[in-house]
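Encoded as structure tokens, the structure appears first; notes follow it.
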Protein chains: 2
Amino acid sequence: MSAREQRQAASDAGLSKQRVVVEAIRLADREGVDGLSMRRLAGELGAGAMSLYHYVANKEELLDAMIDIVFEEIELPPEETGWQSAMRRRAVSARQVLASHPWAIGLMESRTSPGPANLRHREAVTACLRRAGFTVLMATHANWLLDSYVYGFALQEASLPFDTADEFTNMTEDVFLPQLSPDEFPYLNESAAALVAAGYDPAEEFIFGLDLILAALEPLRASA
Amino acid sequence: MSAREQRQAASDAGLSKQRVVVEAIRLADREGVDGLSMRRLAGELGAGAMSLYHYVANKEELLDAMIDIVFEEIELPPEETGWQSAMRRRAVSARQVLASHPWAIGLMESRTSPGPANLRHREAVTACLRRAGFTVLMATHANWLLDSYVYGFALQEASLPFDTADEFTNMTEDVFLPQLSPDEFPYLNESAAALVAAGYDPAEEFIFGLDLILAALEPLRASA
DNA sequence: TCGTACAGTGTACGACGTACGGTGTACGAG
DNA sequence: CTCGTACACCGTACGTCGTACACTGTACGA
């Protein structure tokens, strides 16, 4: 028993759930979630495929654990600021984290039971809203609304076929605009052209909607 | 050539891309996206697995086609009403459609090129917003915001482990509340209890956030 | 010196997507 | 009426997947 603990403490040699899950995330970041197989993951860890099953019951559990680590990376709403800036900070952090692990958002649809980090996160957000004067019901509404926006934005961002502003300009000019006939899609053409001219920044786009939602929620507080 | 057309016209015998994709959607609705394999799909159609490859280049293309059919099911914003009720109608329709094909939302992350129905939809939405007086830039913002909300809501809804209000009450009382220690998660307990008491209706929850967003967008029109 | 416990593995099975090389049948040309 | 061609369709096979199961080796208390 103490032997195992020693082993786990030694971070270099010997496997551990921690090590397995962390490496799985690295692999998924690098190769996408389709490139993550138990055999490849084991290879990456210098182990046999079946060894992984001493630390995770099956692949589903591995995926659940990966998602929960991702939630751990998201900043909790800070307590010392107003509710709006607290919510803004955690939402911005969530977007960043989800954008850096694009596979995570696609996985969420299929995982139904929230992990501990997820629960801690929800608790902290709900606490922040309640302390800011929202009723139980309003806090629920706000939660759904904000989470929907964050996840939906991340989902759309993940399905964009480019990562940088330059790539966006190139793709739009070379691929999208040519295949969008101006007769059939006049408004999309107009909007694509405007975007190329004005530049493209998902972080800015995100803030726009976020602040609009936060401002619209403000008057719904039952300010004591 | 005319032979093939005859064949395709006869809807009963003979395959066709249409028939393949429609059956694939039925299968995914029934068994989830993991239950959709080329072999099973072929079996469902009374054909051999390899026959499908005469109508779709590969499974990726099949998935793309499935998603596009789903987009076809979503109501376009009606032209004869105000922009708010037009947007509300199409958003409500989108939620309904995505809720009835829960696999679709999880697929979107991985498909990067929008199909024709998707494009038509975006064009119609953008047209509606532009005609309502939003600038090109504002229409883009509104598009991102509304789509993020709709997709994010659908994503959260799809990851709920229950479908009906009764199931929700049961799950919450029997499964969630017992495993949420009131000390560690006081606010989640409070909110779960309130939800059980008040009843649960995703459609209503959706409307709340939707109307809040629409109202917040209203003053941003450059009303001519 | 042995027994036990447990980290780690090798092999095997039934699925998967799909490349490749067939069939059969329908039809226009001779 | 025959035959070549075209094309819808399929059987088989390959490499990969998740993972059940039985096995190794080694560390350690007795």
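Each chain gets a letter, A, B and so on, in the order the sequences are listed, and its residues count up from 1.
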Round to a whole Å and report the spacing from CZ of B:Arg40 to C1' of C:dG17.
16 Å
For B:Glu184, give me all partners under salt bridge (Lys or Arg N to Asp or Glu O under 4.0 Å), at least two apart in sequence or on another chain.
none
Nucleotide opposite D:dA30 in a Watson-Crick or G-U pair, distances under 3.5 Å
C:dT1
d(CG, B:Asn58; P, C:dT18) in whole Å:
5 Å
N-O pairing of A:Arg40 and A:Glu31 below 4.0 Å
yes
Nearest-Å distance for atom pair OH/C1', residues A:Tyr53 and D:dA20
10 Å
Looking at residues 41-50 of chain B, who's got a heavy atom less than 4.0 Å off DNA chain D?
B:Ala47, B:Gly48, B:Met50
Closest of D:dG18, C:dG8, C:dG17 to the A:Arg39 side chain is D:dG18
Side-chain atoms of A:His54 come closest, of C:dT18, D:dA8, C:dG8, to C:dG8
Whole Å only: how far is the CE atom of A:Met38 from the C1' atom of D:dA20?
13 Å
Take atom CG of B:Leu36 and atom P of C:dC16, then tell me their distance rounded to the nearest Å.
10 Å
Please report, rounded to the nearest Å, how far the P atom of C:dA15 is from the NZ atom of B:Lys59.
15 Å
Checking side-chain polar atoms at under 3.5 Å, does A:Ser113 have a donor or acceptor matched by the opposite partner on A:Asp64?
no
If the test is side chain to side chain contact (heavy atoms under 4.5 Å, CB included), which one of B:Thr164, B:Thr169, B:Leu160, B:Thr172 qualifies with B:Tyr200?
B:Leu160
